[in-house]
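Contents: one structure, followed by commentary.
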Amino acid sequence: MVLADLGKRINNAVNSALSNTEDDYATTVDVLLKTLVTALLEADVNIKLVSNLRNNLKETLMGNKGTGKSTSNAQTKKLIQKAVFDELCNLVDCESEQPFQPKKRKTNVIMFVGLQGSGKTTSCTKLAVYYSRRGFKVGLVCADTFRAGAFDQLKQNAIKAHIPFYGSYTETDPVKVAAEGIAKFKKEKFEVIIVDTSGRHHQEQALFQEMVEISNVVKPNQTIMVLDASIGQAAEQQSKAFKESADFGAILLTKMDGHAKGGGAISAVAATNTPIIFIGTGEHIHDLEKFSPKSFISKLLG
Ligand code: GDP
C-alpha cells in the first residue's frame, strides 16, 4: 500500500459508513479510524505516531458529535476529511523557527549527509542549480573520497549544470579535500558552497566519525540529510542515528516520483523533529521542489 492510496481508502470508508443509515456517528468515526490506522501502518508510519494521531482525531471528531447527527452526510464527510487533513499536516509540519535562507554576499556552507544511494550527489547538484537560478554564486565540493567514481559523478553533474566544482582524484582524506574546497571558494567569494560527503551502505561508526570531522572543518550553516522516500520503516532508525552525529537541520526527501510509501519519511520527521525542506521528484537537475506540508498531504489524499 502506498500512502497515495490513502485518500481513496478514507473516502471509501467514509462513504460506506455514511451510506449505512443504521450506523450512528460514533460507528462512522470508528470505521474511519480503523481504515486510517491500517492504511498508515501499511505505509510504514511508526506505530506510536499512528496511535497518537488516532487518539487526537477521535477526540476532534467526537467533539463534533452533536453536529454529526444534525448535519448532512456531505457536511459530515467534509468535517472528517478536514480533521484527517489537519492531523496529517501536523505530523510533517515541525517548522518551529524560520527556515534557513542563504544570505547574499556572505559565505553560506551547506553540507549533505545520507546513506549511499539515497540520492545525495544528485541532490547536491539540484540544490546548486536551485540557488544559482536565484542569483547566488554557487560551488560544489566533493568530500567523498571513499567511493571510487564519486568525484567523477559530481564533476559530470556539475559540468552539465554549469556549476563550478572542487574535488581530488589523489587525496584520500575527505576532511582535507573539504577544507581545501571551502578555502578556494571562500577566497573567490562564492556565496553558497555545497559539500557532498561519503555515504556507505550501513550506519558505520567510521562514517559518522568522518561526518563529524568534516563538519568541524567546514562549519556548515545548514546540514541536510538526504533520505530516500522508499526506505520505509528503516527511515526512523537511520535518521535518528544521523541526527546524533551530524545534527542535521533539514531533510531532503528523494525519489518522491516513484512508488514510495512515504510513511517512513513522516516517521523520520517526527523522530528527529526536523523539517523536510525539499523533495526530489526525478533524476533531472530541475526535479527539485520546495516542500510544503499542506500540498504534500493534499497530494497524498488525492
Ligand atoms: P548517492 O549515492 O547518495 O550520492 O546517490 P546518487 O545521487 O548517486 O543517486 C542514486 C540514484 O538515485 C541515481 O540513479 C539517481 O539518478 C537517483 N535519484 C536521485 N534522486 C532521485 C529522485 O528524486 N527521483 C528519482 N527517480 N531518482 C533519483
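Whatever order the structure lists ligands and atoms in, that order sets their numbers, starting from 1.
The nearest non-hydrogen atom to atom 24 (N) of ligand 1, considering only D257, T125, T281, comes from D257. For atom 18 (N) of ligand 1, the nearest non-hydrogen atom from the set R147, K120, K255 belongs to K255.
Atom CG in L115 sits 9.5 Å away from atom CG in D228 (nearest 0.5 Å).
Counting only heavy atoms of the protein, atom 7 (O) of ligand 1 lies nearest to T122 OG1, 2.5 Å. Of all protein heavy atoms, the one closest to atom 16 (O) of ligand 1 is E283 OE1, 2.6 Å. From the protein, the heavy atom lying nearest to atom 10 (C) of ligand 1 is G117 O, 3.8 Å.
Classified by interplanar angle (parallel below 30°, tilted 30° to 60°, perpendicular above 60°), the ring pair F185/F190 is tilted.
E213 and Q209 share a side-chain donor-acceptor pair at under 3.5 Å. With hydrogens and angles left out, the side-chain atoms of Y131 and N108 include no donor and acceptor closer than 3.5 Å. Side-chain atoms of Y169 and K155 include a donor-acceptor pair closer than 3.5 Å.
Each salt bridge (charged side-chain N to carboxylate O under 4.0 Å, His left out) pair with one or both residues in residues 181-198, not counting sequence neighbours, appears once here: K184-E188.
Because its NZ or CZ atom is both nearer than 6.0 Å to the ring centre of Y130 and within 45° of the ring axis, R134 counts as a cation-pi partner of that residue. Relative to the six-membered ring of F248, K243 meets both conditions, a distance below 6.0 Å and an angle of at most 45° to the axis.
The shell of residues lying under 4.0 angstrom from ligand 1, judged by heavy atoms, includes S118. In this structure, G282 counts as a contact residue of ligand 1, since one of its heavy atoms falls inside 4.0 Å of the ligand.
Below 3.5 Å of separation, one finds no N or O of Q116 facing any N or O of ligand 1. The shortest N or O to N or O distance between T254 and ligand 1 is not below 3.5 Å. For the pair G119 and ligand 1, the shortest N or O to N or O distance falls below 3.5 Å. Considering backbone and side-chain N/O of D287, none are found under 3.5 Å from N/O of ligand 1.
Taking every non-hydrogen atom of Q153 and a distance limit under 4.0 Å, the qualifying atoms of ligand 1 come out as 6 (P), 7 (O), 8 (O). Ligand-side atoms of ligand 1 in range of G280: 23 (O), range being under 4.0 angstrom from any heavy atom.
Closest approach of S123 to V226, counting heavy atoms only: OG-CG1, 4.3 Å. Scanning both residues, N221 and T107, for their nearest heavy atoms gives OD1-O, 3.7 Å.
Contacts between L115 and ligand 1 below 4.0 angstrom, taking non-hydrogen atoms only, involve the backbone exclusively. Residue contacts with ligand 1 for K126 involve side-chain atoms from C-beta outward but no N, CA, C or O (heavy atoms, distance under 4.0 Å).
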